[in-house]
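Chain identifiers are assigned alphabetically (A, B, ...) following the order of the sequence lines, protein sequences preceding nucleic acid strands; residue numbering begins at 1 within each chain.
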Protein chains: 2
Amino acid sequence: MFCGKFSSTGYDDLELLSHSLHEIGGSDGVSRDGLLLSSLTERVGGKNENCEAKALAALKNHSEAERRRRERINGHLATLRGLVPSTHQKMDRATLLAKVISQVKELKNHAMEASKGFLIPMETDEVKVEPYDTKLGYGCMSYMATICCDYQPEILSDLKKTLDALQLQLVKSEMSTLESRMKNVFVFTCCKGHNNSVNVEACQSIANVVHKALGSVLEKASMSMEFALRTSYPNKRRRIC
Amino acid sequence: MFCGKFSSTGYDDLELLSHSLHEIGGSDGVSRDGLLLSSLTERVGGKNENCEAKALAALKNHSEAERRRRERINGHLATLRGLVPSTHQKMDRATLLAKVISQVKELKNHAMEASKGFLIPMETDEVKVEPYDTKLGYGCMSYMATICCDYQPEILSDLKKTLDALQLQLVKSEMSTLESRMKNVFVFTCCKGHNNSVNVEACQSIANVVHKALGSVLEKASMSMEFALRTSYPNKRRRIC
DNA sequence: TAAGACACGTGAGGC
DNA sequence: TGCCTCACGTGTCTT
């Protein structure tokens, strides 16, 4: 074994090292630790003593550095475990990483959708809930819900209450009013359950519930509008333009 | 060594195994592989032959399974390397994971912001660009830009053109008009450059550019509004309500 | 040279 | 028992 040009400083932690090596040694009686130690002890007192000590110290440093590296990586993995939605924390490393990958892709899709353009309210009243993004994949499907009707001040709070009550996982929510009309579009997702597969029926039923809820918001609005028109004004007013 | 109650099927891949062991053996002449093989060959012909063979085969299986596991994990890591924004693919495993963590948190914040509520246009004209989310961290800062003014049909296309031209990384874009007023709010981010640190000056200059651009949109709008008022109508019209 | 990163084979422990 | 996952120390290559 070649030791190189060390400036031998004289310190000697051989004993300590051999002790720790014994401690961490395997249960096998003829392990290589034994080999190392014998080849070490038979030279004690020789001119290679420092050399061997250095090598051993280097080995110790090496394994400790490796341990630190492992700890760093595992720390990050633990953080990721906390970031992915999971039923329980028992997940093997590969599965965790796969989940992280799908999560990142999913979120990126959401971000893309969230930065899409404007919307213009049309003349006809409308409530619809339809599948929005089929290319999402990764056990996630999204719906776009639209409500378009005459603008009334109280409809906003009605709508907000309804959405809050449904506890949807919103991706985007856009509202615009134009002339006397308003249109609100929001996108929500139904992501996979804990069995990792999309529960299509559940999603569809959620979509139906949303549709119903929006329908009653619209109905309430048009009823109060009708009432207002009947009692006070002969015609629906529009902004003069 | 204890072998247990194997049903010895008679096959013998000892030769193959020892060959592969030599192949993967370290450069050290007295490695434990040598040890294993000697303790193996000296018993050839004994009643423990099958036992040893089994043990060796199990060891081989084990190491191969471990290799497959490593490959699986590394495959996922490679996928993640492709998902994080990076200048070059040379990245530490720990660094990669750290980046993934920040990316996930970042995207989650975006998703949260994207699902936030409504906005109401006020009476006074306004253009502002201000830091939006300071808790983002992870080398990412976001700005919220607002423009609020009288509604005019052409302002929407002006605004859209302006935003497209600036090529901002939009998080959220909300527009609402109420009475004759409109308000548009959008959130955009300036994420870290390739040196992993936020270029604060660059972000600020982008914010300034956005502010300027919105300012000219507003100016154009108010000028055309003024013109319309002067030429056609004595008073600004509002929807009667 | 030393320090860091990765792949490897292996022992331990959980079903 | 076998199979699987993880932690460990080490060899090797790169900077």
I need the [atom1]-[atom2] distance between [X] and [N], as an integer number of Å.
{"X": "A:Leu96", "N": "D:dC4", "atom1": "CG", "atom2": "P", "answer": "20 Å"}
{"X": "A:Lys90", "N": "D:dT5", "atom1": "NZ", "atom2": "P", "answer": "12 Å"}
{"X": "A:Arg68", "N": "C:dA2", "atom1": "CZ", "atom2": "P", "answer": "16 Å"}
{"X": "A:Arg67", "N": "C:dA3", "atom1": "CZ", "atom2": "P", "answer": "16 Å"}
{"X": "A:Glu64", "N": "D:dA7", "atom1": "CD", "atom2": "C1'", "answer": "15 Å"}
{"X": "B:Lys60", "N": "D:dG2", "atom1": "NZ", "atom2": "C1'", "answer": "16 Å"}
{"X": "A:Leu59", "N": "C:dA2", "atom1": "CG", "atom2": "C1'", "answer": "14 Å"}
{"X": "A:Leu97", "N": "D:dC6", "atom1": "CG", "atom2": "C1'", "answer": "14 Å"}

If you check the [X] side chain, which of [options] turns out closest?
{"X": "B:Asp92", "options": "D:dC8, C:dA5, C:dT10", "result": "C:dA5"}
{"X": "A:Glu66", "options": "D:dG9, D:dT5, C:dC8", "result": "D:dG9"}
{"X": "A:Asn74", "options": "D:dA7, C:dA5, D:dC8", "result": "D:dA7"}
{"X": "B:Arg93", "options": "C:dA7, D:dC8, D:dT5", "result": "C:dA7"}

Straight-line distance of A:Leu107 CG to B:Glu106 CD, nearest 0.5 Å:
11.0 Å

List the atom pairs, donor and acceptor, that lie under 3.5 Å between side-chain atoms in residues 72-80 of chain B and the rest of the protein, sequence neighbours left out.
residue : atom : partner : partner atom : Å
B:Asn74 : ND2  : B:Arg70 : O            : 3.4
B:His76 : ND1  : A:Ala94 : O            : 3.2
B:Thr79 : OG1  : B:Gly75 : O            : 3.0

Partner of A:Glu71 under salt bridge (charged side-chain N to carboxylate O under 4.0 Å, His left out), chosen from A:Arg69, A:Arg67, A:Arg68
A:Arg67

Can you check whether A:Met91's main-chain N or O pairs, donor with acceptor, with A:Thr95's side chain at less than 3.5 Å?
no

Under 3.5 Å, is there a donor-acceptor pair between the side chain of A:Lys99 and the main chain of A:Arg81?
no

Give a yes/no on whether any side-chain N or O of A:Arg70 is located under 4.0 angstrom from OP1 or OP2 of D:dG9.
yes

Give a yes/no on whether any side-chain N or O of A:Arg69 is located under 4.0 angstrom from OP1 or OP2 of C:dA3.
no

Base, sugar-phosphate alone, or nothing: which one does B:Arg72 contact when heavy atoms must sit under 4.0 Å apart?
sugar-phosphate

DNA chain C: 5'-proximal contact among A:Ile73 and B:His62 (nearest heavy atom):
A:Ile73

